[in-house]
Amino acid sequence: MNQDYIVPNNWSIIEEGFEADRVKSSESLFSIGNGAMGQRANFEEHYSGDTFQGSYIAGVYYPDKTKVGWWKNGYPEYFAKVLNAPNWIGINIEVNGENLDLATCKSVSNFRRELNMKEGWYQRSFQAVLQNDVAISIDVTRFLSLDIDELGAIKYQVTPINTDAKVVFKPYLDAGIENEDTNWEEKFWETLEIKNEENSAFIVARTLKTKFTVATYMQNQIIVNNEITDVKPVEVTKEASKIMFSYEVAATQGQTVSIQKFGGYTISTNHKEEYLISSAKKVLLQATTLGFNTLLENQKQAWAKIWEMSDITIEGDTKAQQGIRFNIFQLNQTYLGKDSRLNIGPKGFTGEKYGGSTYWDTEAYCIPFYMATKDQNVARSLLEYRYNQLDKAIENAQNNLGFKNGAALYPMVTMNGEECHNEWEITFEEIHRNGAIAFAIYNYYRFTGDYSYIPEKGLEVLIGIARFWHQRATFSTNKNQFVILGVTGPNEYENNVNNNWYTNYIAKWCINYTYAQIEKVKSEYTSDFDRIMSKVNLNDTELQSWKNTADNMYFPFSEEHGVFLQQDGFLDKELVKVSDLDKSQRPINQKWSWDRILRSPYIKQADTLQGFYFFEDDFTKEQLERHFDFYEPFTVHESSLSPCVHSIQAAALGRMEQAYTFYLRTSRLDLDDYNKEVHEGLHITSMAGTWMSIVEGFGGMRVKNNQLHFEPRIPEQWKGYSFKVNFRNAIVKIEVNHQETKVSVEGNQEVEVIINGASQLVKN
């Protein structure tokens, strides 16, 4: 834990007291989104202190040219950037001629902000004394509508405390935005048009290179004595990429005056360019017709519907409860499954680090959450996202690696199917992501029972992946087995290693699973089989060559320790455990050179244990325990994806105190800033792992032989917990306390559930 200022609360994230050195962290933690857009919790008014301004539109990106001093063949030409979008939230405040700026106020008191996760709104309030000695009270409420996902709303209230005052509201739109992480300090946007009508304004801007066109818009209402007035702007200021209105309002001492600002984006991926402004006007008409209060009430109802299915309750541990709800809330703010063109970026709408919208995190961590808490079509859309980019994956393997015959290497990071990650050791060595994509197809069928995706689309993906593994493996005459050389496993603190156990294992599994699905489709879906085989040109000779590779795959193993080795040469390292590492050296990725990290035994995240998590039925409990005891002491958990897997494994071994510790770390990774990086944005995709650590870890949920199994365990710190899963259209609720486990099902459904090995038919 590196910070501890968030007030424990079951349903809200709360900060009390203004501290300039935590502004950027709070901007991340209090971020809001609605699946289509999102923004960091920047102040609406001008702030001259250290801040990270960030607004983002789903699917809008920029291909920033890769910046290196030298070039390798096959190096990605660009690093896709989650694009910082035009700013529509800005409202500068002037009181008796003095600008409100929390960095320069004589004093700031009673500062409080709250992110209400239950109802989906963000609120900030404080009192301040300006440089001219005017004391004011501020109260701001903001939300992004779930019902109208192109719309956001702000209510900004100002109350002069010690004098009458002239309050000037200065709402603006600003398209002159730059990314914090730009490689070449170049502009990403060009402004095409600025237009205003009475209390409304519009800026049409286009991204360079990718040519996304966006209309950013606002409409303002001034409120005095709780009534919307007909006040018009006294001044309209236009600059090259900015427009600002000025509204003057006289307020007596103690009187509250307000501005309501509706804003958002219409984009060319959803509307024709010539209709962007007219489409924005329709949204604004809808917003003003409903009004701020009705929109807010609709927001509360929309979030209530989400929580009805996705909530996890924890009794007796407020920090644990706050942590899981924060994770679930952010996942739903990032992706709701409404648009199959979108995916789940590692920072969501909270920051720019990592770029890209799709990592292997989606398949390995996020799909289980969305399968169980949404309609199965949401998870299927995530699978189809990869199917739609299969041709690009084949091009990637062919053009950059020289592979042939339809072998597919899916990108490590992508926006549109092209590889856009600019680190060689990740881009063309961390190839295990191919396996996660195949595993997600298997996992989807295992959980939903919907096999139709495989003959319709999934089998083509599996064949491309199997062909990749077959060609990527090399036959070693020395070992008389197939090896996979020059890779990076899930543990990114090892680069360019030979025979990473997890990579070799998932390669073997992918080939065998694909082979089995080919046989199944051949016998049960003959028309699909004929269509696919004519398309991919696959024959028995190639299939037998695949099987030979899989059946003779090499796995490094230590007889001395009785464990599979993470990779060749792991035991050659100086095996100093993390517990013996000086705490001043942590996190090592911020303290050590890369060379020192690579020579160390330290593991960034679950690697060999990731394989034991995916394929636990292939190993005994004793094998898991032996590998857990060997590898966890060397794991620094400096990846957000690490604690959740270890929590699940510790729970499976009955080590509840350790499982609980890992759970707290994954659930409060950002709230407590374990890795000293929350100011850069939240770890969205790992938040799905937090959900898994309760449902699969403590709840022990598994799907075996088409049946739902649970082996519930409970940390001693909790009185009880509950969660729901949508299993094959049956909503199953599990309630666990220290005395018993209750299982119920909603509606008229009935389902057979296995609890601790005993079958139980559950129905209303």
Side-chain angles (χ1 to χ4, degrees), residues 364 368 432 435-436 438-439 442-443 446-447 481 489-491 499-513 516 550-568 570-571 575 577 603 605-635 641-663 689 692-714 753-759:
H432 65 82
F439 184 83
Y442 156 76
N443 204 17
R446 176 174 64 173
F447 189 84
Q481 287 181 290
N491 172 27
N499 297 308
N500 171 258
W501 180 85
Y502 172 78
T503 302
N504 286 21
Y505 199 90
I506 207 165
K508 174 187 175 78
W509 178 88
C510 283
I511 292 173
N512 286 334
Y513 183 68
D551 292 344
N552 292 282
M553 188 68 71
Y554 166 73
F555 299 105
F557 186 81
S558 168
E559 296 290 349
E560 176 186 356
H561 298 282
V563 297
F564 293 107
L565 294 180
Q566 182 176 277
Q567 73 270 338
D568 285 347
F570 184 82
L571 293 180
L575 298 178
K577 295 180 179 179
I603 300 169
Q605 69 186 78
D607 190 305
T608 306
L609 291 177
Q610 181 76 36
F612 273 71
Y613 165 66
F614 273 170
F615 307 112
E616 67 175 2
D617 290 341
D618 295 353
F619 306 99
T620 66
K621 192 66 66 70
E622 291 73 24
Q623 285 177 302
L624 170 61
E625 184 170 37
R626 193 158 57 245
H627 284 78
F628 189 94
D629 288 342
F630 182 78
Y631 283 109
E632 197 286 320
F634 298 112
T635 306
L641 301 174
S642 190
C644 60
V645 173
H646 285 81
S647 180
I648 294 168
Q649 303 289 46
L653 294 171
R655 302 178 182 183
M656 292 306 295
E657 190 59 36
Q658 201 172 15
Y660 175 76
T661 299
F662 281 127
Y663 164 76
M692 287 158 47
S693 68
I694 291 182
V695 175
E696 297 182 10
F698 300 148
M701 186 187 80
R702 303 290 189 273
V703 179
K704 301 179 181 180
N705 300 319
N706 289 311
Q707 289 182 306
L708 203 55
H709 289 240
F710 295 95
E711 292 185 16
R713 307 167 183 85
I714 183 169
V753 176
I754 312 300
I755 305 291
N756 294 322
S759 177

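Sparse packing is recorded around CG of Asn705, with 12 or fewer heavy atoms of other residues, nucleotides or ligands lying under 6.0 Å away.
Here Gln567 contributes atom CD and Asn491 contributes atom CG; the two are 7.0 Å apart, rounded to the nearest 0.5 Å. Here the straight-line distance linking atom CG of Leu609 with atom NE2 of His646 works out to 5.0 Å at 0.5 Å rounding. Note that CZ of Phe710 is 10.5 Å distant from CD of Glu696, once rounded to the nearest 0.5 Å. Taken to the nearest 0.5 Å, the CZ atom of Arg655 stands 6.0 Å off from the CZ atom of Phe628.
Checked against a 6.0 Å centroid threshold, the rings of Trp509 and Phe614 do not count as neighbours. The aromatic ring centroids of Tyr631 and Phe612 lie 6.0 Å or more from each other.
In terms of heavy-atom proximity, Ser558 sits nearest to Leu565 at CB-CD2, 3.7 Å. Residues Thr503 and Gly489 come closest through the heavy atom pair OG1-CA, 4.2 Å. Residues Ala659 and Ala651 come closest through the heavy atom pair CB-N, 3.7 Å. The two residues Cys644 and Gly689 have their closest heavy-atom pair at CB-O, 3.2 Å.
Side-chain contact check for Leu708 versus Val703: some heavy-atom pair is nearer than 4.5 Å. Leu624 is not listed as a side-chain neighbour of Glu616, based on a closest heavy-atom distance of 4.5 Å or more. Looking only at side-chain heavy atoms (C-beta outward), Asp617 and Lys704 come within less than 4.5 Å of each other. Contact annotation: the side chain of Met656 approaches that of Phe698 to within less than 4.5 Å [non-hydrogen atoms, C-beta and beyond]. Within the 4.5 Å cutoff, no side-chain heavy atoms of Thr661 are placed close to those of Ser647. Within the 4.5 Å cutoff, no side-chain heavy atoms of His561 are placed close to those of Phe570. Side-chain contact check for Arg446 versus Phe439: some heavy-atom pair is nearer than 4.5 Å.
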Side chain to side chain contact (heavy atoms under 4.5 Å, CB included) between Leu575 and Leu571, worked out:
CA-CA 7 Å; Leu575 298 178; Leu571 293 180; 4.0 Å; yes
Report the C-alpha separation of Phe634 and Lys577 in whole Å, then their side-chain angles, then the decisive distance to 0.1 Å, and conclude whether the side chain to side chain contact (heavy atoms under 4.5 Å, CB included) test is met.
CA-CA 5 Å; Phe634 298 112; Lys577 295 180 179 179; 3.9 Å; yes
Would His432 and Gln610 count as a side chain to side chain contact (heavy atoms under 4.5 Å, CB included) if you check the C-alpha gap in whole Å, the side-chain angles of each, and the deciding distance to 0.1 Å?
CA-CA 11 Å; His432 65 82; Gln610 181 76 36; over 6 Å; no
List the steps, then state whether side chain to side chain contact (heavy atoms under 4.5 Å, CB included) holds for Lys508 with Asn504.
CA-CA 6 Å; Lys508 174 187 175 78; Asn504 286 21; over 6 Å; no
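Below 30°, between 30° and 60°, or above 60°: for Phe615 and Tyr505 the angle between ring planes is between 30° and 60°, a tilted geometry. Taking the six-membered ring where the residue is Trp, Trp501 and Phe619 present tilted rings, their angle falling between 30° and 60°.
Judged by distance alone, the side chain of Asp568 and the main-chain N or O of Asn500 form no donor-acceptor pair under 3.5 Å.
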